[in-house]
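Right, one structure below, let's go through it.
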Amino acid sequence: MLQTHYQVLRPLTTAHLAQTMTLLSLTAEELRQQIDSELAANPALELIEERRCPNCGRPLPPRGPCPICSRPVSLDPDEPIVFISPREDFYTGSGMSQEDYPEDNTSPATEDLPAFVLRQIAPELEKPDRLLAAYILTHLDEDGFLTTTLAEVARYHHVPLSQVEAILHLIQRAEPVGVGSANPQEALLVQLEVLSETVTVPALAEQAIREGMDLLSRHQYSDLAHLLKINLRQAQEIARFIGDNLNPFPARSHWGDARAHSSPAFQVYNHPDILISRLNDRPENPLVVEIIMPLAGTLRVNPLFRQAIHQASNEKVDDWKSDLDRASLFVKCLQQRNHTMQRLMQRIASLQAQFILYGEKQLIPLTRAQLAEELEVHESTISRAVSNKAVQLPNGRIVPLSMFFDRSLNVRTFLRNIIDMETRPLSDMELVSMLAEKGFSVARRTVAKYRAMEGILPAHLRHHHAMAHA
DNA sequence: CTATGGCACGGATT
DNA sequence: AATCCGTGCCATAG
């Protein structure tokens with residue numbers, strides 16, 4: 001069913017293997033950078049124009065017909081359609097400029113973020129610094145994060161790094177506070193610092209963000225408590241403070257359209273690397289899985305370059321030849337990455353279709369090792385492919401791809417459910433038997449841990465707030 | 001005495 | 001080889 005036009009599916013050389021592995025573990029965003037630099041460095045590589053399906057207007061995968069329109073009618077409706085989807089528009093890569101901010105969108109503050117910020121800080125800057133600030137501000141994504149590095153800016157403008165740092169310092173402290181940070185963590189730290197000038201903040205909040213960022217975003221409060229050497233309740237208080245007062249995405253216009261459950265829910269999500277939706281949004285249709293290729297068009301070895309090599313002068317010919325080899329290697333590796341991702345997602349989407357459609361209760365336990373065996377690849381291949389990637393589910397939630405391998409998520413969801421519906425606070429022991437009825441055998445101690453993970457207080461501290469459901 | 005969190009151990013997973 | 005996760009044991013709080 002996968003029409004793969006290339007002969008080589010098995011790495012031929014160690015170079016091939018190494019590069020494929022590297023590419024596999026990159027997110028779409030990182031892949032974009034990799035491709036950009038490769039394209040810039042190698043004249044033998046060529047980007048050919050994007051093809052769109054004449055029928056539905058979608059960008060087409062590198063080869064073959066439109067995966068949606070040309071789908072055989074007889075196709076098994078339970079089998080997801082998986083394909084590589086070139087969508088440059090998802091990324092505000094290197095060439096982004098002001099008009100990327102839509103005018104008609106939301107508050108006046110976001111109508112033109114760079115100008116808005118620049119206005120605030122311009123009075124404090126000399127003219128050359130103002131230019132530098134403007135330059136930095138054009139390298140923000142829609143969450144207000146830097147899409148470049150300070151070192152790069154400094155190099156580009158031939159100024160000392162310290163100067164750039166000073167300007168960024170100003171930018172970050174302008175509204176929206178934290179804008180221009182490299183990542184959510186940095187943004188939170190800046191916000192915390194600014195906040196601490198006016199109000200008192202929890203003593204360990206900074207350490208929590210600095211060292212426990214991932215625990216925080218995954219609601220693993222017990223582990224956070226452990227890390228900070230405090231008790232669970234204090235950890236939850238800190239998390240709550242952070243969730244209430246700080247915003248990991250300072251410039252995000254609508255942040256949290258798919259909010260999670262109870263507590264201060266914030267999740268660190270980047271752009272999705274994979275999109276899952278339902279064909280035409282019709283419930284009876286199969287799932288559509290798009291693996292994002294952050295590129296408008298297709299990469300290939302430039303045939304003209306290949307011809308020209310015969311006329312190359314003798315001293316150049318070796319260089320050209322190596323360019324050619326590199327280019328074709330790169331293209332091959334890219335194809336291999338896509339092929340692996342496609343097979344992987346095909347299998348995952350098929351196995352976890354119920355989860356994708358009906359939620360966390362339906363998640364079936366799945367290990368990377370198991371999948372590796374089925375797909376006949378090495379375990380580490382699956383690991384690389386899964387790590388650092390984000391998936392957008394049909395309901396709009398963006399979750400890490402690793403969630404498909406979460407061994408206990410379904411149990412925890414049931415647990416949450418039981419506690420939501422309880423009429424009197426149930427002890428962990430009672431919860432164990434409730435779960436047993438649902439077919440989960442877990443130890444008492446484990447229930448306690450799951451509770452903590454979900455940020456649910458122990459029985460004697462739970463009261464009844466039967467209402468409060470949206 | 002009961003309920004729960006800390007710590008640590010071992011097996012599974014990455 | 002390193003890390004994660006479920007579990008048992010024990011101390012402590014109520």
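So that the names make sense, note that chain A is the first sequence line, chain B the second, and so on, each numbered from 1. What you see is a predicted model, and the numbers here were worked out from it, not measured in a lab.
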Using whole Å, report how far CG of A:D406 lies from C1' of C:dC4. 12 Å
Over how many whole Å does the gap from A:D428 atom CG to C:dG6 atom P extend? 15 Å
A:T367 side chain near B:dT13 phosphate (N/O to OP1/OP2, under 4.0 Å): no
Please classify the nucleic acid contact of A:R384 as base, sugar-phosphate, or nothing, using heavy-atom distances under 4.0 Å. nothing
Check whether any side-chain N or O of A:D273 sits under 3.5 Å from a backbone N or O of A:A28 as a donor-acceptor pair, and report yes or no. yes
Nucleotide B:dT4, atom C1' - distance to CD1 of A:I456 in whole Å: 15 Å
A:R337 and A:L23 have their tightest heavy-atom pair at NH1-O, 2.7 Å
From the list B:dT14, B:dT4, C:dG6, which nucleotide is the closest neighbour of the side chain of A:E379? B:dT14
A:M429 CE - C:dG8 C1' separation (whole Å): 13 Å
Where the side chain of A:E38 meets the backbone of A:F330, is there a donor-acceptor pair that is under 3.5 Å apart? no
Report which part of the nucleic acid A:R407 touches: base, sugar-phosphate, or nothing (heavy-atom distance under 4.0 Å, all strands). sugar-phosphate
Whole-Å distance, A:K449 NZ to B:dC7 P, equals 10 Å
Is A:N42 reaching over with its side chain to a backbone N or O of A:D323, donor-acceptor style, under 3.5 angstrom? yes
Taking atom P of B:dT13 as reference, at what distance in whole Å does atom CG of A:L371 sit? 14 Å
Would you tabulate the pairs of protein nitrogen or oxygen atoms and nucleotide nitrogen or oxygen atoms of nucleotides 11-14 of chain C closer than 3.5 angstrom?
none

A:S427 side-chain proximity, nearest of B:dC7, B:dT13, B:dT4: B:dT4
Let me know the distance between CG of A:L426 and P of B:dT4, rounded to the nearest Å. 10 Å
Does A:R445 reach a base, just sugar-phosphate, or nothing at all? Heavy atoms under 4.0 Å. base
Could you pick out which residue, A:S408 or A:R444, lies toward the 5' side of DNA chain C when each is mapped onto its nearest nucleotide? A:S408
Which heavy atom of A:L366 sits nearest to which heavy atom of A:F405, and what is that distance? O-CD2, 3.4 Å
Phosphate OP1/OP2 of C:dG6: any A:Y450 side-chain N/O under 4.0 Å: yes
Just how far, in rounded Å, is P of B:dT4 from CD1 of A:I419? 10 Å
Is a salt bridge present between A:R445 and A:D428, judged by a nitrogen-to-oxygen distance below 4.0 Å? no
Sidechain-backbone polar pair: A:S427 side chain, A:E430 backbone, donor-acceptor under 3.5 Å: yes
